[in-house]
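In what follows, every heavy atom counts, from backbone to side chain, and hydrogens, waters and symmetry copies are set aside. Naming convention: chains lettered A, B, ... in sequence-line order (proteins, then strands); numbering from 1 in each chain.
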2 protein chains.
Amino acid sequence: MTEERGSSGGTGLPASIEAAWGLRARPVKGPKPGLSLARIVDAAVAVAASEGLGGVSMGRVAKDLGASTMSLYRYVSAKDELYVLMQEAAMGPPPPLPAPERGSGWREALARWACAQRRVFHRNLWMLRIPVSGPPVSPNSVAWWEQGLQALDDTGLDAGEKVSVILLVNGFVRNEALLMGDLAAAVAARGVPAQEVAAGHTRTLDRLVDPVRHPSLSRLLESGALGAPREPDDEFGFGLERVLDGIEALVQSRSRSHSPLRSRSRA
Amino acid sequence: MTEERGSSGGTGLPASIEAAWGLRARPVKGPKPGLSLARIVDAAVAVAASEGLGGVSMGRVAKDLGASTMSLYRYVSAKDELYVLMQEAAMGPPPPLPAPERGSGWREALARWACAQRRVFHRNLWMLRIPVSGPPVSPNSVAWWEQGLQALDDTGLDAGEKVSVILLVNGFVRNEALLMGDLAAAVAARGVPAQEVAAGHTRTLDRLVDPVRHPSLSRLLESGALGAPREPDDEFGFGLERVLDGIEALVQSRSRSHSPLRSRSRA
DNA sequence: CCCCTGCTGTGTGCGTCGTACGCAGAGCTG
DNA sequence: CAGCTCTGCGTACGACGCACACAGCAGGGG
């Protein structure tokens with residue numbers, strides 16, 4: 001509707017995000033800023049890392065910077081904008097892809113991509129609490145997407161399928177990290193750390209599960225598989241292998257028939 | 001540490017959740033309660049459905065019930081407890097499984113399970129905003145788990161693998177719904193509804209993506225696959241088919257070798 | 001029968017949050 | 001030097017979750 005101010009890049013993005021892309025030169029008129037976007041974002045990330053996303057309040061961040069609460073709003077127009085910038089900073093640039101072998105190198109590349117993403121998420125679990133508000137528009141997020149797409153370059157999938165595959169793998173990684181983060185937070189919230197919570201849960205389920213109404217769950221409880229859940233890394237690895245197997249089936253079906261047949265469109 | 005009050009079921013669960021299981025009889029001494037857990041939860045769910053989880057505040061729910069804010073705390077000891085009960089109510093009982101055909105009926109059953117879950121999530125997108133604090137302990141959640149496990153009864157997978165598969169499929173469904181919900185919320189937050197937002201995003205990306213640094217993404221943008229993304233249902237169906245294909249590969253590898261070989265434990 | 005006890009609803013108050021608004025002052029441009 | 005713009009900041013407002021204390025109802029023991 002209204003035109004952005006002079007230095008706008010015309011992207012329709014918030015000013016601070018355009019700044020992250022390197023567009024939008026600093027104004028030269030007024031006094032020099034005592035803070036900077038980078039310092040604010042770093043401080044916010046530090047707070048989030050030590051106290052979770054819930055600990056990030058404008059006042060808290062400002063205090064860590066020795067500034068007043070409202071001064072932050074000179075750099076960021078709303079808290080959600082700060083969130084996006086935090087995400088961008090914590091995500092960082094994606095690691096370089098391995099040597100692009102032609103053939104089935106895509107699986108290795110995609111697995112590495114997923115693992116790298118998982119490492120980032122696990123280092124910064126608070127990221128997953130931020131609602132996604134659309135496709136990625138910050139530089140690092142776009143770079144990650146680019147990496148994922150490059151991994152699929154030689155698969156023979158069409159553009160839409162590639163997007164769907166990226167979405168699928170990214171979603172799997174996000175969900176795993178989110179789940180583990182939630183669980184860790186719930187454990188940390190109680191005083192008693194670690195395995196005792198899991199033991200308590202199995203005891204609770206033992207008391208609640210009715211062998212008649214819940215036969216399979218009963219058998220599961222008896223098997224003890226819930227008491228000794230697999231390591232988080234193994235759980236992730238298991239899921240990733242399944243997902244990649246599923247993708248591989250698609251890739252092979254595409255490469256077998258050079259003229260791409262429409263697969264069944266009904267679920 | 002301290003013993004629960006008289007009517008406790010000894011599960012270690014909050015009182016309101018024990019009430020959901022039918023344990024814990026009402027006390028008989030005082031005046032009759034003017035509210036009920038069910039009425040409170042229903043009101044909260046109604047608020048969440050119309051204004052999102054963020055709109056659910058104790059004051060808001062109480063106002064809808066014509067009661068005061070603090071009266072709710074007679075029924076629920078904290079807001080998180082209300083969240084759990086809302087989840088329980090919105091989830092509802094799982095639909096019955098189809099006729100259990102021996103053989104590869106598991107795939108159909110698991111797909112139906114996933115679709116049913118997706119329908120619930122899409123009807124109540126606010127559910128996904130509630131952090132999971134551990135394994136499910138409310139009656140309906142447990143019933144859903146039971147259904148999922150029953151679908152895998154004849155797959156020959158061991159207990160741990162079944163849990164992992166359930167986690168994988170559930171995670172996929174959750175993530176898809178979460179993503180679609182976030183997107184819908186972001187679109188609704190802007191005034192302009194629907195496709196214009198997507199068009200704006202592609203325009204933004206067109207301006208930001210550098211063909212040299214982002215070759216694959218550039219090609220994707222040129223292909224127009226982002227401008228006309230597939231229907232949400234198709235996107236879900238695509239991902240689900242991949243996931244099920246991956247699980248099917250595992251099931252077949254298990255059924256081929258009757259003596260269960262350990263698959264590679266390293267990712 | 002009455003009072004006592006355990007339950008009910010609720011008003012007040014505290015601390016925290018995001019942020020709208022407006023002011024005092026800094027520093028470049030004329 | 002004047003004036004404009006941009007800076008940081010103090011104040012204020014309306015939410016929020018919930019601790020706490022109080023007033024009144026109902027059944028049970030004397």
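A:H122 and A:Q117 are not linked by any side-chain donor-acceptor pair at a separation below 3.5 angstrom, with hydrogens and angles left out of the test. In the model, B:E235 has a side-chain atom that pairs as donor or acceptor with a side-chain atom of A:S164 under 3.5 Å.
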May I have the step-by-step check of side chain to side chain contact (heavy atoms under 4.5 Å, CB included) for A:W145 and B:L205, ending in yes or no? CA-CA 12 Å; A:W145 264 70; B:L205 281 180; over 6 Å; no

Could you walk me through whether B:F121 and B:V173 satisfy the side chain to side chain contact (heavy atoms under 4.5 Å, CB included) test, starting with their C-alpha distance in whole Å, then the side-chain angles of each, then the deciding distance to 0.1 Å, before giving a yes or no? CA-CA 8 Å; B:F121 287 149; B:V173 176; 3.7 Å; yes

Starting from the C-alpha separation in whole Å, work towards a yes-or-no answer on side chain to side chain contact (heavy atoms under 4.5 Å, CB included) for A:V142 and A:V137. CA-CA 6 Å; A:V142 168; A:V137 288; 5.8 Å; no

Going through the distances and angles, do B:L53 and B:M86 end up as a side chain to side chain contact (heavy atoms under 4.5 Å, CB included)? CA-CA 10 Å; B:L53 193 64; B:M86 290 170 65; 4.3 Å; yes

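Sorted by residue number, the list of members of residues 43-62 of chain B with any non-hydrogen atom under 4.0 Å from DNA chain C is empty. Only B:M70, B:S71, B:R74, B:Y75, listed by number, bring a heavy atom of residues 70-82 of chain B to less than 4.0 angstrom from any atom of DNA chain C. For the segment residues 32-40 of chain B, residues with any heavy atom less than 4.0 angstrom from an atom of DNA chain D are, sorted by number, B:K32.
Residue pairs satisfying the side chain to side chain donor-acceptor pair (under 3.5 Å) criterion with at least one member in residues 69-80 of chain B, sequence neighbours excluded, are listed as follows: B:S77-B:E81, B:K79-B:Y83. Counting only residues at least two apart or in different chains, side chain to side chain donor-acceptor pair (under 3.5 Å) contacts with residues 51-61 of chain A comprise A:E51-A:R60, A:R60-A:D64.
Two residues, B:T69 and B:P31, neighbour DNA chain D, and the one matched to the more 5' nucleotide by heavy-atom proximity is B:T69.
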Might you list the N or O atoms of the protein lying below 3.5 Å from N or O atoms in nucleotides 28-30 of chain D, with each pair's distance?
none

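Atoms CG and CG, on A:L23 and B:L208 in that order, are 6.5 Å from each other to the nearest 0.5 Å.
Ring planes of A:H214 and B:W21: perpendicular class, angle over 60° (limits at 30 and 60°).
In this structure, NZ of B:K63 is placed 13 Å from C1' of D:dC16, rounded to the nearest angstrom.
At least one side-chain heavy atom of B:L37 sits less than 4.5 Å from a side-chain heavy atom of B:V76.
Across all their heavy atoms, B:R39 and B:G34 have their closest contact at NH2-O, 3.9 Å. Taking every heavy atom of both residues into account, A:A177 and A:L128 meet most closely at CB-CD1, 3.5 Å.
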